[in-house]
Every structure is written in structure tokens, then in C-alpha cells.
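Whatever order the structure lists ligands and atoms in, that order sets their numbers, starting from 1.
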Amino acid sequence: MKKIRKAVIPAAGLGTRVLPMTKVMPKEMLPIVDKPAIQYIVEEAVRAGIEEILIITNRGKGIIEDHFDHAIELEQRLEASGKLQMLEEVRRITDLADISFIRQKETKGLGHAVSCARSFVGNEPFAVLYGDDVIIGEDPACGQLCRAYEQFGKGVVGIKEVSPEQILKYCSLAVEPLGDRLFKVSDMIEKPHPDQIMSLYSILGRCVLPPEILDIIDETPPGAGGEIQLTDAMMTLAKTQGMIGVDYTGTRYDMGNKLGVMQATCEVALRHPEIGEDFREYLKSLAATL
Ligand code: UTP
């Protein structure tokens, strides 16, 4: 089975759940301490062995492109003032991976965003890392899914059990355990009604898909919210070819909702080499007043 070399990061959504912050600033650029969310996602893909990345953006998200580009004036200033460690850090962002960008011209849903990657994907399987889902862990989640694809030769979804309230807002999967955090996935439904729930397992943030998914998306009519849903296309794949679910290790932070942003910020700050200790003391003293 061929190694997964390519990844697509859809980052063209409107981010309405984190308004007004996202009126101008893309949610993928929200900071987690000192790096924007999308940098953590690119770093995860790179650690998983991905060589080429396509980020799907839209109007007003040029700031994402700028973040991964050289900032010549800044680099010259850092060099001249001898701030070499910071210079190296700033340059490292540009050299992280071979990153390209394409615009989704209309916000027609996650499925539609992925279909914008057709010429980038070509005839290879590819990973999808949702631009607002940051997953932090020792073993990159994307790599865990790529290994499952290479093992089974089928589309793979990253899954987690969620609460009965959350499942109504996400998607619900029909799963059968295969052992070792792996599952057979035979069906799924986006934003189920209570009587359509098949399990509390939902797809959270990552998948690895065969190139045929792009033809399936083209045939998929708009679904929940009037958007072309990736879940609807993956449902066809699951029903016809079967898919694999990986209950990945690592903590997922939903940067598309306000609580998720705060959880990511607090937990990453606690482990941060520069401010971790001071932040822990601050948090303890704050907690004592609650
Ligand atoms: P979401 O459904 O969470 O994005 O999509 P959204 O539409 O921005 O969210 P709300 O409900 O308005 O707050 C998950 C990922 O897919 C991207 C988003 O940028 C996000 O990273 N996406 C979504 C696109 O690239 N294009 C779309 O048309 C929709």
C-alpha cells in the first residue's frame, strides 16, 4: 500500500460560532499561547510524514498564507538585533512543509471545500485535517490514521465517543470493534435526529480518503444546513467499500467553539516551557478565589 504523502486542510469556513472574533480573523489563526491553531495542525501533519499540504482558504484569509511565508523585514530586524533563536523559529514556519493554497470561492460546506483539492490530490489517497480541530499528543493523530489506511487499504476516519447531547450536533457512526482502538465503520449520518443515532462514536477532525471520494462528493446533494457535507460522501464510501475508524490517542480541542479555544489555551499554557510554571501558579491562585 502506497504511503500517504498529501494532506488537505480545509480552512474556508465562516466560523460563526466564534463571532465576533472571526468577523475578520479566521478561526484557524486563533492563538494557542504563541502559535496560531493552524500551525499546530501543519506540524502534526509533518510529524506524521506528510510531504505536501494544500490549505483551502477563501476571501479574507490571506493572513494564513502570510503566516507560512517569509517575512523578510522582520527576519532582517531579528538578525540585526541578534535575536537568533526567534529568527530560527520564524524561519522554521516557512520551511515546515511544501504548502500551497487554493480558494473555495463559495462557502458551500466541508465536502465542497475538499472537492476543491481535486488537482492537488490527483490519483493518490490523502489525509484531511479539519482546520479548526487541534489535536495534541505524542503520536500524531494524522499518522495513526495513515497507518490504518496503509494496513487496510480503506478510507479511515478519526473517531471519539461524545455525549448524547453532542452527537446531535456532530455525526453518528455504525461501528463494530476490530480491537486495538480500531473499528469497522459501515454507515454514518450527519446531525442525526435522536431516533437516528447509531452509536455515540462521531468523526472528530481527521480522515484519510481514497481519491474516489472526489467523484462521490460531486454526486452528493446538499445535506444538513444546505451544505455539501463530507459526511454524506463518506457515508456512500462506508456503505459501498466499508471504512475504518481509529479512536486516536491525543487531546482534541475544538477551535470552532469558545470553550474549546479556552481549554486549548489553558492546557497548552500549563505545559509551555517559557510560561508554564508561572501560569500554573497564577491558575492556582485564581482557582482559590472561585
Ligand atoms: P465547520 O462546519 O466547523 O466550519 O467546518 P464553519 O462553517 O466555519 O463553522 P460555524 O458553524 O460557522 O462556526 C470544519 C472545517 O471545515 C472548514 C472550516 O474552516 C473548518 O476548518 N470549512 C467549512 C471549509 O473550508 N469550507 C466550508 O464551506 C465549510
Side-chain angles (χ1 to χ4, degrees), residues 7-32 36-45 53-65 67-68 99-118 120-121 126-135 141-142 157-160 162 166-171 188-192 202-209 213-214 217-218 220-234 252-262 264:
V8 174
I9 304 181
L14 297 177
T16 54
R17 286 167 296 148
V18 257
L19 278 169
M21 181 66 218
T22 43
K23 185 177 171 199
V24 176
M25 172 72 87
K27 62 180 164 180
E28 296 79 9
M29 287 299 290
L30 289 175
I32 304 179
I38 197 160
Q39 189 178 331
Y40 290 87
I41 296 172
V42 167
E43 286 173 348
E44 175 197 326
I53 295 174
L54 178 72
I55 301 181
I56 317 277
T57 65
N58 62 10
R59 211 174 322 107
K61 297 214 181 190
I63 187 175
I64 299 180
E65 298 183 35
H67 183 72
F68 292 102
I99 304 178
S100 47
F101 300 87
I102 193 167
R103 284 188 176 198
Q104 183 188 18
K105 306 231 162 48
E106 269 180 89
T107 316
K108 289 201 217 163
L110 180 56
H112 179 261
V114 170
S115 75
C116 296
R118 187 180 275 277
F120 167 80
V121 164
F126 61 103
V128 180
L129 296 90
Y130 301 12
D132 56 353
D133 275 318
V134 170
I135 302 173
C142 173
V157 283
I159 66 174
K160 288 265 166 221
V162 301
Q166 284 172 319
I167 200 82
L168 304 173
K169 294 188 228 148
Y170 297 160
C171 75
M188 60 185 74
I189 180 164
E190 181 69 22
K191 302 199 174 43
S202 193
I203 301 171
L204 292 186
R206 304 286 180 265
C207 43
V208 177
L209 298 167
I213 194 74
L214 299 170
I217 294 173
D218 286 349
T220 302
E227 297 195 333
I228 299 175
Q229 298 286 351
L230 183 60
T231 309
D232 292 344
M234 290 195 290
R252 168 201 173 249
Y253 300 101
D254 180 2
M255 297 298 288
N257 94 53
K258 292 171 193 175
L259 185 61
V261 174
M262 290 316 299

For [X], the ligand 1 atoms whose distance to one of its heavy atoms is below 4.0 Å:
X      : value
Ala113 : 24 (C), 25 (O), 26 (N)
Leu110 : 16 (O), 27 (C), 29 (C)
Thr107 : 27 (C), 28 (O)
Thr16  : 10 (P), 11 (O), 12 (O), 13 (O)
Gly131 : 21 (O)

Which residue supplies the protein heavy atom nearest to [atom], what is that atom called, and how far is it?
atom                    : answer
atom 17 (C) of ligand 1 : Pro10 O, 3.7 Å
atom 18 (C) of ligand 1 : Gly13 N, 3.5 Å
atom 14 (C) of ligand 1 : Asp132 OD1, 3.7 Å
atom 7 (O) of ligand 1  : Leu14 N, 3.9 Å
atom 26 (N) of ligand 1 : Gln104 OE1, 2.7 Å
atom 2 (O) of ligand 1  : Arg17 NH2, 4.6 Å
atom 8 (O) of ligand 1  : Gly15 N, 2.7 Å

- Message: Is it the case that atom CZ in Arg59 sees more than 12 heavy atoms from other parts of the structure closer than 6.0 Å?
- Response: no
Okay, side chain of [X], backbone of [Y]: is any donor-acceptor separation there less than 3.5 Å?
X      : Y      : value
Tyr40  : Ile32  : yes
Asn58  : Lys105 : no
Thr22  : Lys27  : no
Gln229 : Ala224 : yes
Lys61  : Arg103 : no
Glu44  : Cys142 : yes

Does some non-hydrogen atom of [X] fall short of 4.0 Å from ligand 1?
X      : value
Glu28  : yes
Lys108 : yes
Ile56  : no

| message | Run Lys258 and Val18 through side-chain contact (heavy atoms from CB on, under 4.5 Å) and show every step you take. | response | CA-CA 6 Å; Lys258 292 171 193 175; Val18 257; 3.8 Å; yes
Please walk me through it: do Asp133 and Met255 pass side-chain contact (heavy atoms from CB on, under 4.5 Å)?
-> CA-CA 6 Å; Asp133 275 318; Met255 297 298 288; over 6 Å; no
Quick one: does [X] get an N or O within less than 3.5 Å of an N or O on ligand 1?
X      : answer
Ala12  : yes
Val18  : no
Glu106 : no
Glu227 : no

Next on the checklist: Could you tell me if the side chain of Leu230 sits less than 4.5 Å from the side chain of Cys207, heavy atoms only?
Outcome noted: yes
At under 4.0 Å between heavy atoms, what of Lys27 touches ligand 1? The answer is side chain
Query - Residue from Asp132, Ile55, Leu129 passing side-chain contact (heavy atoms from CB on, under 4.5 Å) with Ile41 - result: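 That would be Leu129; it is the only one of Asp132, Ile55, Leu129 passing the side-chain contact (heavy atoms from CB on, under 4.5 Å) with Ile41.
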For the pair Ile217 and Val114, evaluate side-chain contact (heavy atoms from CB on, under 4.5 Å) and give the outcome as yes or no after the intermediate values. CA-CA 9 Å; Ile217 294 173; Val114 170; 4.0 Å; yes
If you compare Ala224, Gly205, Gly109 by their heavy atoms, the one closest to atom 29 (C) of ligand 1 turns out to be Gly109
Query raised in the report: Taking atom types as modelled, is there a side-chain donor on Gln39 or His67 under 3.5 Å from an acceptor on the other?
Result: yes
